[in-house]
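Presented below is the structure to which this report refers.
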Amino acid sequence: MFDALVTRARVKSPWVLHFDCGSCNGCDIETLACLTPMYDIERFGMINVGNPKHADVLLVTGTVNHRNKKVLQALYEEMPDPKVVIAIGACGLSGGVFRDAYNVVGGVDRVIPVDVYVPGCPARPEAIIDGVVAALGKLRQKAVPTAAGAGGNGRFHPRMKATGSS
Amino acid sequence: MKEPVIDVTPAAVGNEVRQMKDAGWRLVGLSGAMVDDEQIDILYHFDKDLTLSHFRLRAPRTAPLPSISAVYSAAFLGENELQDLFAVRFENLVPDFKRTLYLEEEITTIPFATNVKAAEKKT
Amino acid sequence: MSNLVLLLVVLPFVAAAAIYGLRAAALRSGLVMLTGGVLAVASVVLLARGLEHDFTGLPTAVLGVAWDTLITVADFALLGVILLWGLRRKSALVVLFTAAQLVLLAIFERFVLEPGPAFAPLYADSLSLILVLIISIVGSIICIYGLPYMRIHEEHLALRRSRQPEFFFYMILFLGAMNGLVLARNLLWFYFFFEVTTFCSFMLIQHDRTEEAIRNATRALWMNSLGGLAFLLGVVIAYGELGTIDMLAVVQSGSPTGVLLGALGLLAVAGFTKAAQLPFQSWLLGAMVAPTPVSALLHSSTMVKAGVYVVLRFAPAFAGTALSTGLALCGGFTFLACAALAIGQSNGKRILAYSTVSNLGLILACAGINTKAAFTAAVLLIVFHALSKGLLFLCVGSIEQEIGSRNVEDMRGLFHRMPRTAVITITGILSMLLPPFGVLVSKWLAIQAAAENIVVVTLVALGSALTVVYWARWAGLLMGSRKAGAPWESQPLLTRGALAVLCGAVVVLSLLTPVVYGELILPMFAAMPALDAAAPLEVGAGGVLGGPMGAFAVYPVFVVLVVGLLAAVLFMRRTGRTRYTHPYLSGIHVGERDAGVFRGPMNLPVTAELGNYYLATIFGEARLTRSANLAAIVLILLMMGLAMKGGVPS
Amino acid sequence: MKIALLTLAGLVLAPLAGGLLAGVDRKVTAWLQSRKGPPIIQPFYDLIKLFAKEKLAVNPWQVLCAWVYLMAAVFSVVLFFNQADLLLLFFVQAVGAVFLVMGALSVPSPYSQVGAQRELLQVLTYEPLLMLVFVGIYQVTGSFRISSVLDHPRPLLLELPLLYLVLTYALTIKLRKSPFDFSTSHHAHQELVRGVLTEYSGPFLGLVELAHWYETVLILGLCALFWATSVPGMAILLGATYFLELLVDNTMARMTWRWMLRYVWTVGLVLAFTNLLWLHL
Amino acid sequence: MARTVIPFGPQHPVLPEPIHLKLVVEDEIVQEAIPALGYVHRGLEMLAQKRDFHQMVQVVERICGICSMIHSLCYCQGIEEMMGIEVPRRARLLRTLWSELHRSHSHLLWLGLFADSFGFESLFMQLWRIRERILDLNEATAGNRVIVSVNVIGGVRAEISEEQQRWILGEMAGFERDMNRIRSTLLEDYTVKSRTVGKGVLTREMAYELGAAGPVLRGSGIAQDMRQLGYAAYGDLDFEPVVEAAGDAYARCKVRFGEVMQSIRLVRQILGELAKETDPALAAKVKGRPEGEVVCRVEQPRGECLYYLKGSGKPQLDRVRVRTPTFANVPPLLAMLPGVELADVPVLVLSIDPCISCTER
Amino acid sequence: MFRMTLNVLRNLFTPKATRLYPARVREPFAGYRGQLEIHIEDCIFCGLCARKCPALCIAVDIKTGKWECDPFACVYCGICADHCPTDALFFADRHRAPAEKHSLMSYTGQPPKKKEKSVAATAGSEAPANRKSAPAD
Ligand code: SF4
Ligand code: SF4
Ligand code: SF4
Ligand code: SF4
Ligand code: SF4
Ligand code: SF4
Ligand code: SF4
Ligand code: SF4
């Protein structure tokens, strides 16, 4: 019962951190548009918290470069478990049209594990919402790494069986 | 280019630029381009009442060049960028990011001077 | 009984003399500790003997010389010495005020004073007893704390010849003088002790003989001499009105005339100078150059209390007059202005100094409100302020000796270096500003007492809010993290002991507030018929201090907050599973977890320095002091003027 | 017995009411912005989720401070339900306020530190105002006890309308609504990230959130005292007040603390003074 | 006085783009602001040497997703100039139309973010809601909401049907009404004005000397707008640069608001011209390879953008160099930060409408 | 403030602007470049799309008849579809769905046998770059 409640709460309350990892702004403005009246992702309990320590979902847009990859890494580590990462746009997925530029490392998954990829250039708000919904499914599955992983701890985390999504 | 291009030498550029400023020209920006494997073109773009005018400074990439940041302080950004991308060196550039404006240690080549390793990085 | 008084007043004088002669550090330490112990015990015993003492059995003469004569001679001698110091320091003001006192005193003693009905020159009621306890216990603790402190202090200064004998001479001498002051009934005795404290303070401020110390000591001396002059003038005028130098007679004179009110006003002004009220605050601020035990003893927990003691003593005599209202306004204003000034300070001792002046202002405001509730608030505040502030000064002293700075900015994360001291300091600070500590109970009562007077209550309301600012940020920045299992800081036993005892006393006594009230303060009102009739508070079941206007549930609040805090500490301890991480630095932190370093422009590491707001443009001394002083002078003149116009009831 | 019941009510009902109110707040805010908004019970999801997250902190003091903040908030609500002394209640809530600030100061993070400084300035702003409101209540009812307010035959609003306005300033500051949302705001679109709350995370943020609910209830309770003679009156007053808060929140930019100090102190003090004076006339 | 050093960015909720400012404040008054860039630098100018000059259109378009279309426009115009291509008038009109749509949506986006920078959330919401109208127009006419990819060298790829033209006209009316509703809040509200008026003042001289561009320059009283050059179809249209004299954040806001209204008028003019244009040709033929040097300028929402192109007869260009408006506006920003309150930093940073992605490329 | 009050009150009493995606899906605009798709049977493996693609995300192998595209790198510009001589490439008007894993669009078709030579020849020669610059739809 308790487990179910917690899972439900997690899925119902995904707070996002949006990191512009060297994007062209195209994907950023579409991500931001998700917050605005037309799309209003707060419907799903989402808040753009802007602070890794408060976030459950990391939205990354843009190409990873040699400078911002360190930031990306740090932000990811500062987020408390359980967390999911969504990469947005061709750039975040692979480097997009800039893949072979000299300061481009590639997609987000070169630096941190990515749970959901949202293609597009830019990814339109509906696509981002789809991505978030998919990520929530992932979040539902994420049992807390009790032993493994740097930050794993389970005192408040009821152990969850990976019951599969939805 | 359809606009006038004035060739300047490294020794004269400071003076010439100051004259432009005194004559009321706005510095629009700096562009750099490799001419061949050694020579670099640095173009200074000026604007006055919607007309453009350019300076062309042609010099060996490795020779130190005078900074015009003392004349047009806003030039510091463009000059730092040129330092990053071409590993040219501007003297008396304030503030001097020393080739860290854009680049990290991981980039070991000079982006626009192909086939040259950035030996003088980390100066 | 009389032996006790001798112990409390005379012993320190004798012991001080002995200490002055002793060069051996160990002997000196022993003597200081012994004196302190004896004083503490004597004060407790005196209390145990009852609440009202009229020391009639006291021998009237010693070695054939009448005490009165002895005091007179000593008085002249003291004024002479002060005059000499004034000349030596080339201070016209000191010379002027002291010479005036000399002349006035001489005229008074020679031509005016006539033998009246005899009365015992000493007297104690619970107000005196409370002060005797503070002086003897807190004072002694501070003196003992001074032992290791001064050793290190002199090590730092690398003196060739120790000047500790002189130091402890004045410290111990001062204890005796204070006890004498609060026990005096004869106003000339009162005056004598008043002057001794002035002199001790002067000598101790200039103890280090730096240029600044000398300058500040001289300033303190002239301001306090002005106070002495006002005191003497007040006594003389009162004598002219009432024909007595019996303090009790003055206090109980009833429906005062304008002239007598003027005299009382002068006494109040004398209190203002001693309590460093605006516009006299600058001497206390300057006094912070003295070694910290001096600041703790003289300039926060005891001597400045002599100032408020004078006012409180005589307050019933002018209850309900315009003087009273004026006093409340002056006090309230000082409370507000100095709280504001404290916000502009980053020097820990100056913060403490301003806070002291501010709190003394609140006490004086209570004296001005002049109801039993206000009196209770004032006395409670004297007690708890003495404890907390004494403790805080000692803390700052210890911290300064360890980190070499008294600037609060340098104390950031002190818990890392001095965990024990940091925790004690935090406790001390919180005891000045939060329930369930005693200071808050007094504040609660003060606000209730002031609630009828919109202006005073507004001043108090604004002042307490300002108080929160400078305390809370100081307490907060002391916190920090520490590696698990790292050793606690080492400290001389006496230092640690003094801190621990005072800290414990703050906590325990706060819990005992209802007892203090019921046993010590309530009986005091028997002697104050001039005040309103009803008892201000009742001690209800479960330690609820209740009155007609409200109730402060001391025990429940104490239990909930302290037990809650302990529970919270337990929780905190059990955060073994917590992952400790970097502070948020926009994703570019580098280096150690707690270092607060980020990767800045040009890829260079930058420390994210932190700093409080001192708001110099709003609360800075440069911005406020002038206008605050002016306003205070106007208020004081107004108060005096109203008083002289004669007992117009407010 | 009565005490125990009231205490229990305070303990349990207050957070429920506070959470629900937070939900309504978000919903109505969304509507005012022409959005659909989250479900009403969203705050509870948030809280549960927070408690189920990994425990992350910078140092243990933070944790301590969060606990004390919560405790003080709970205790002041309990005192309120037990009709205690208003000043006492005020001091107890100040414990929470101070510990919140100290927690933020304990961390070497400029954001939380600057937030703490701003929070202190907010405390500095609303404390005297609240105290004057209580003084006004005292002058009308002759006591600082809540019980005597309840015994008062007429709504306080009639005698203290300006002080009620003053109270709403304090309410706005405490609710962290525009134009006073600069020490921390509900979301993070602010130069200080989340100010005092920047460094709290997971369950510890949950503690703070919960404490905030209690505080909301407390301060709305204070508002309710102004029409304590009738329950519908109370409801109308609270509803109107809260709606007004939301309206103000949605029609104003965030201001700076310099403005707040200047504006709220002058306007607040003038209002309070006028009201107190006219009581005496 | 105690210093506080704040790492403002690269990840920061009020900075949608990663840029770092090392801020030193005392009592929240900024004493020093030093920037660090490079978090968005991709090195895409280099791609000119790896892509042919046609492919580069799509690359430069992605320098920035906000006025993407104007980037490719500038690039295409440069190449067309270099190769002497005559672009059909219809294409020029369409290019101008999309340019103005981009300007409106960019300014609306900015106005919203600006409102958010001083914590006016509902105003932000309102403005972004209005902005969706433009995005719908983009999507319907060009197949994508944001990066429209309509430009090709020699012309455009998409046509706007007559039915669509009528719809656009209708949308413009609704758009204008929405803007008028928001006007008094944005430009007259007491709280908004007290957060923006007199903040970050840039005098006329400073603005010119520091090389400010676009609304920042015009907000300081200098009537300079690259559209006056008459590129695309601007030469056929009737408009005046929007200028404000005060040089503060409020003036910049007013300029941008004025430009949105101006865009509406321009769109109406263009639609009128389109209806009269009879030649259906959308693109000219491209022959040969670019050779020579050219400098080309356009007015983006953020101001003057300059492309320097150099070709040597190969399919790849030798050099594509982009000097974007934000690049020009960073020095003015740094000049106005010292002395302001910390709370005004986001307001001022936003007031230059920073686009770091194009600054660093 | 007053005008804003009117605004927000109007919002309160008018229908919400929110599009309830995904519960309700809006009709896409005609010509929206949602996702790239291919009728592989129409493809003649000319490789033009691969050469024109600015993101370099298409690989065409005429020998094995393999046409591959990396949808994670595609920037949905439509250049390939513009140039496809047989209109085998086209855009569906629904955006590409998010994925949890990277996968290639990979198709195998029948490379034209006979015309192979001429195709190769033309591809190698200078193809008129802008042959199909009119709108795709
Ligand atoms: S995917 Fe496209 S829109 Fe998104 S950041 Fe990259 S280039 Fe910009
Ligand atoms: S640091 Fe303290 S002990 Fe040392 S010299 Fe200074 S005041 Fe004395
Ligand atoms: S902080 Fe930003 S997002 Fe949050 S409520 Fe305020 S304006 Fe909105
Ligand atoms: S200024 Fe920004 S929005 Fe405009 S073109 Fe440059 S990058 Fe794009
Ligand atoms: S400043 Fe403008 S372009 Fe840059 S991220 Fe913000 S909205 Fe996008
Ligand atoms: S749509 Fe553009 S990026 Fe995608 S495959 Fe086609 S040409 Fe390449
Ligand atoms: S351009 Fe068309 S036909 Fe040619 S390979 Fe590509 S998809 Fe096949
Ligand atoms: S000629 Fe070119 S475009 Fe036409 S079919 Fe052959 S390869 Fe394709």
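Bear in mind the structure is a predicted one, so any value in this text is a computation, not a measurement. Each chain gets a letter, A, B and so on, in the order the sequences are listed, and its residues count up from 1.
Within 6.0 Å of CZ on D:Arg258 lie more than 12 heavy atoms contributed by other residues, nucleotides or ligands.
For A:Met79, the part sitting under 4.5 Å from any heavy atom of chain D is the backbone (N, CA, C, O) and nothing else.
For the pair A:Asn51 and D:Val193, the tightest heavy-atom approach, listed with the atom from each and the gap, is CB-CG1, 3.6 Å. Closest approach of A:His54 and D:Tyr200 over heavy atoms only: NE2-O, 2.7 Å. Residues D:Arg35 and A:Asp40 approach most closely at NH1-OD1, 2.8 Å, considering heavy atoms. Residues A:Pro80 and D:Ser201 share a closest heavy-atom pair of CG-OG, 3.7 Å.
Distance CD/D:Gln42 to CZ/A:Arg43: 12.5 Å, rounded to 0.5 Å. Atom CD1 of D:Ile41 sits about 7.5 Å away from atom NZ of A:Lys12, to the nearest 0.5 Å. Rounding to the nearest 0.5 Å gives a distance of 11.5 Å between NZ of A:Lys53 and CG of D:Leu205. Here the CZ atom belonging to A:Arg10 is positioned 11.0 Å from the CG atom belonging to D:Leu50, to the nearest 0.5 angstrom. In this structure, the separation between CZ on A:Phe44 and NZ on D:Lys36 is 8.0 Å, given to the nearest 0.5 Å.
Here the side chain of D:Lys49 pairs a donor or acceptor atom with the backbone of A:Ser13 at under 3.5 angstrom. Judged by distance alone, with hydrogens and angles left aside, the side-chain atoms of A:Asp81 form no donor-acceptor pair with the main-chain N or O of D:Glu54 at under 3.5 Å.
Side-chain contact between A:Glu42 and D:Thr29 is absent, with no heavy atoms from C-beta onward closer than 4.5 Å.
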Might you work through the side chain to side chain contact (heavy atoms under 4.5 Å, CB included) test for D:Lys53 and A:Asp56, ending with a clear yes or no? CA-CA 9 Å; D:Lys53 287 222 72 151; A:Asp56 310 295; 2.5 Å; yes
